[in-house]
Amino acid sequence: MTSITKNKYLKLILSLIFDAIGYVSFLIPGIGEFSDIVWAPLSGWLMTRMYEGRTGQIAGAVSFIEELLPGLDIIPTFTLTWIYTYLIKPSHKVTNRP
């Protein structure tokens, strides 16, 4: 398995773990609001470190907002970003040559 492939699946595992951490605050009544105050900026920062460039910046902002707003913790932002990065986003640029 190549280094790029290992990194890809490591990011998937980390994404699932980070999304699970976000769910914990949704599941435990009473401490959920407090934990979201701590988790929201941390999740935004982690997202910008896991995914580089514009994708990471936008995903970091979305993750921060999603974790901060009540009731949205159920959205798996990290996993959706992984799906976008590795399954949806084209891996090469298409050039139009005359």
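The structure presented is a predicted model; accordingly, all values stated were derived computationally and were not measured.
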* Asked: Does any pair with a residue in residues 55-79 pass ring-ring contact (aromatic ring centres under 6.0 Å, His included), and if so which ones, sequence neighbours excluded?
  -> Phe18-Phe78

* All side-chain hydrogen bond (donor to acceptor under 3.5 Å, both in side chains) counterparts of Thr81, not counting sequence neighbours -> none

* Just how far is it from atom CG of Leu12 to atom CD1 of Ile17, taken to the nearest 0.5 Å? -> 10.0 Å

* Asked: What about Leu68 and Leu80, same hydrophobic cluster or not, with Ile/Leu/Val/Met/Phe/Trp/Tyr joined at side-chain heavy-atom distances under 4.5 Å?
  -> yes

* Any chain of hydrophobic side-chain contacts (each under 4.5 Å) joining Leu14 to Val62? -> no

* **Nearest heavy atoms of Ser15 and Met50, plus distance in Å** => OG-CE, 3.4 Å

* Asked: Closest approach of Thr48 and Gln57, non-hydrogen atoms and distance?
  -> CG2-CA, 4.3 Å

* Asked: How many angstroms lie between atom CG of Leu42 and atom CD1 of Ile37, to the nearest 0.5 angstrom?
  -> 14.0 Å

* Asked: Do Leu10 and Ile83 belong together in a cluster built from hydrophobic side chains that touch within less than 4.5 Å?
  -> yes

* Hey, does Ile13 have a side-chain heavy atom less than 4.5 Å from the side chain of Leu16? -> no

* What's the spacing between Asp36 CG and Leu69 CG if we round to 0.5 Å? -> 9.5 Å

* Of all the heavy-atom pairs spanning Ile75 and Glu66, show the shortest one and how long it is. => O-OE2, 3.3 Å

* Do Ser43 and Ser63 meet the criterion of a side-chain donor-acceptor pair at a distance under 3.5 Å? -> yes

* Asked: Which pair of non-hydrogen atoms, one from Gly60 and one from Met47, has the smallest distance, and what is that distance?
  -> N-CG, 3.5 Å

* **Heavy-atom closest pair, residues Ala59 and Thr77** => O-CG2, 4.3 Å

* To do: Starting at CD of Glu67, measure out to CD1 of Ile21 and round the result to the nearest 0.5 Å.
  => 9.5 Å

* Distance under 6.0 Å and angle within 45° of ring axis: Lys11 vs Tyr51 -> yes

* With a 4.5 Å heavy-atom cut-off, do Trp82 and Leu87 have their side chains touching? -> yes

